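A short worksheet on the structure shown next.
Here is how names work: the chains are called A, B, and so on, in the same order as the sequence lines, proteins then strands, and each is numbered from 1. What you see is a predicted model, and the numbers here were worked out from it, not measured in a lab. Because only heavy atoms are used, hydrogens play no part in the values below, and waters and symmetry mates are left out as well, while side chains stay in.
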There are 2 protein chains.
Amino acid sequence: MSSCSVSAPKTPADFRSAAEVFKALGNPNRLLLLDALGQGERCVADLTSLVGLDISTVSNHLSVLRKIGMVKDERRGTQVFYSLRKACLSNLFCCLDEFQACDE
Amino acid sequence: MSSCSVSAPKTPADFRSAAEVFKALGNPNRLLLLDALGQGERCVADLTSLVGLDISTVSNHLSVLRKIGMVKDERRGTQVFYSLRKACLSNLFCCLDEFQACDE
DNA sequence: TTTGAATTTTGCAAAGTTTCAAAATAAGGC
DNA sequence: GCCTTATTTTGAAACTTTGCAAAATTCAAA
């Protein structure tokens, strides 16, 4: 059990994993990929024609998203299908919209 | 008035501004700065001793956060005080926690 | 088992980020 | 006006990210 509610002085290390997630989301092409996956699973070739980059580049973006647990992949024959792994991802987008709409 | 609810095919450009916000949050030192500012306004020197970087580096991080509207600054004498500009920023962190806790 | 299709990995170049140090700016007190 | 303090800007070095192309891998089908 981790010691909770003890507000020790924080260090950059305490924010490393949060920063990893935000950094993965900090690229327009990856956000477009996530948006497309919001409609359901897609194979790499389909995602590639969607974003208009080299397929190897798309494969790399997808692996960034997979490493932080945002998407999962499933091979079926020669194709690999990607899909969103976290239902609550859409919440993050919601909050971002709120953040950007907020003028305070 | 912008055309709403017309789900046109999206492009990377549609996600540029969202990506800018996420990218700004994608650095542990900046998250630590934001966390500190959650307690209230702080001058640059105080924030500098907190994160343990050169003051010029901290000033740069703060300007990244200011450019995307995350913090505001106010000069009082020779000091500049920074504070959070968006109340809903804490929501974003909440959602992140949810995201990371979520195992689906 | 060789071929073909889909994807990933590797190598590389260009562009961007992070950091410190030094120079520049801003504001207040003498 | 000159000096001190606080901050920002600029410049340079190290490193990371992004992207393409070519080579390697994976799998199915002929």
Side-chain angles (χ1 to χ4, degrees), chain A residues 11-37 41-68 70-83 85, chain B residues 11-37 41-68 70-83 85:
Chain A
T11 68
D14 294 323
F15 293 96
R16 206 163 24 191
S17 91
E20 284 299 304
V21 173
F22 284 129
K23 202 195 303 192
L25 296 173
N27 176 291
N29 290 316
R30 283 196 292 269
L31 291 183
L32 180 55
L33 289 171
L34 288 173
D35 182 70
L37 292 176
E41 64 168 21
R42 296 279 184 277
C43 71
V44 180
D46 285 357
L47 291 169
T48 294
S49 53
L50 187 88
V51 297
L53 295 171
D54 194 274
I55 191 168
S56 66
T57 304
V58 172
S59 179
N60 270 304
H61 280 312
L62 290 168
S63 101
V64 169
L65 294 173
R66 191 184 46 221
K67 273 173 195 149
I68 60 156
M70 201 85 74
V71 302
K72 61 172 179 257
D73 62 335
E74 185 190 327
R75 180 176 277 272
R76 293 209 285 280
T78 62
Q79 290 176 298
V80 176
F81 288 85
Y82 280 83
S83 52
R85 208 164 86 82
Chain B
T11 69
D14 295 324
F15 293 96
R16 206 162 25 190
S17 92
E20 283 300 303
V21 174
F22 284 128
K23 202 194 305 194
L25 296 174
N27 175 292
N29 290 316
R30 283 196 291 271
L31 291 183
L32 180 54
L33 290 170
L34 287 173
D35 182 71
L37 292 175
E41 64 169 21
R42 296 279 184 278
C43 72
V44 180
D46 284 358
L47 291 168
T48 294
S49 53
L50 188 87
V51 297
L53 295 170
D54 193 274
I55 191 167
S56 67
T57 303
V58 172
S59 178
N60 269 304
H61 281 311
L62 290 168
S63 99
V64 169
L65 295 173
R66 192 184 45 221
K67 273 173 194 149
I68 60 156
M70 201 85 75
V71 302
K72 61 171 181 254
D73 61 336
E74 185 189 327
R75 183 175 275 274
R76 293 210 286 280
T78 63
Q79 290 175 298
V80 175
F81 288 85
Y82 280 82
S83 52
R85 206 165 88 82

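Rounding to whole angstrom units, CZ of residue A:Arg30 and C1' of D:dT18 are separated by 9 Å. A:Glu20 places its CD atom 14 Å from the C1' atom of C:dT17, with the value rounded to the nearest Å. For the pair A:Leu62 CG and D:dG19 C1', the interatomic distance rounds to 15 Å; values are reported in whole Å. Put simply, CG on B:Leu25 is 17 Å from C1' on C:dT18, counting in whole angstrom units. What separates CG of B:Leu65 from P of D:dT8 is a distance of 12 Å, to the nearest Å.
Listed by residue number, the members of residues 43-51 of chain B with any heavy atom below 4.0 angstrom from DNA chain D are B:Cys43, B:Val44, B:Ala45.
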Scan the side chains in residues 45-53 of chain A for donor-acceptor partners under 3.5 Å anywhere in the protein, sequence neighbours excluded, and list what turns up.
from: A:Thr48; atom 1: OG1; to: A:Val44; atom 2: O; distance (Å): 2.8
from: A:Ser49; atom 1: OG; to: A:Asp46; atom 2: O; distance (Å): 3.0

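Annotation: side chain to side chain donor-acceptor pair (under 3.5 Å) contacts of B:Glu41 (sequence neighbours excluded): B:Arg76. When the side chain to side chain contact (heavy atoms under 4.5 Å, CB included) test is applied to A:Thr78, no partner is found at least two apart in sequence or on another chain. Residues meeting the salt bridge (charged side-chain N to carboxylate O under 4.0 Å, His left out) test with B:Asp73, sequence neighbours left out: B:Arg66. Partners of B:Lys67 according to the side chain to side chain contact (heavy atoms under 4.5 Å, CB included) rule, which considers only residues two or more places apart in sequence or in another chain, are B:Ser63. By the side chain to side chain contact (heavy atoms under 4.5 Å, CB included) test, B:Ser17 pairs with A:Gln100, sequence neighbours left out. Scanning for salt bridge (charged side-chain N to carboxylate O under 4.0 Å, His left out) contacts around A:Asp35 gives B:Lys10, with sequence neighbours left out.
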Distances under 3.5 Å only, N/O to N/O: pair up the protein atoms with those of nucleotides 20-29 of chain C.
from: C:dC20; atom 1: OP2; to: B:Asp54; atom 2: N; distance (Å): 2.7
from: C:dC20; atom 1: OP2; to: B:Thr57; atom 2: OG1; distance (Å): 3.1
from: C:dA21; atom 1: N6; to: B:Ser56; atom 2: OG; distance (Å): 3.0

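Both B:Asn27 and A:Tyr82 lie near DNA chain C, and the one whose nearest nucleotide falls closer to the 5' end is A:Tyr82. Of the two residues near DNA chain D, A:Asn29 and B:Val58, the one whose nearest nucleotide lies more 5' is B:Val58.
Side-chain contact between B:Asn29 and B:Val58 is absent, with no heavy atoms from C-beta onward closer than 4.5 Å.
Between atom OH of residue A:Tyr82 and atom CD of residue A:Glu74 there is a gap of 12.0 Å, rounded to the nearest 0.5 Å.
Under 4.0 angstrom from either OP1 or OP2 of C:dT17 there lies at least one side-chain N or O belonging to B:Lys23. Taking side-chain N and O atoms only, B:His61 has a distance below 4.0 Å to OP1 or OP2 of C:dT19.
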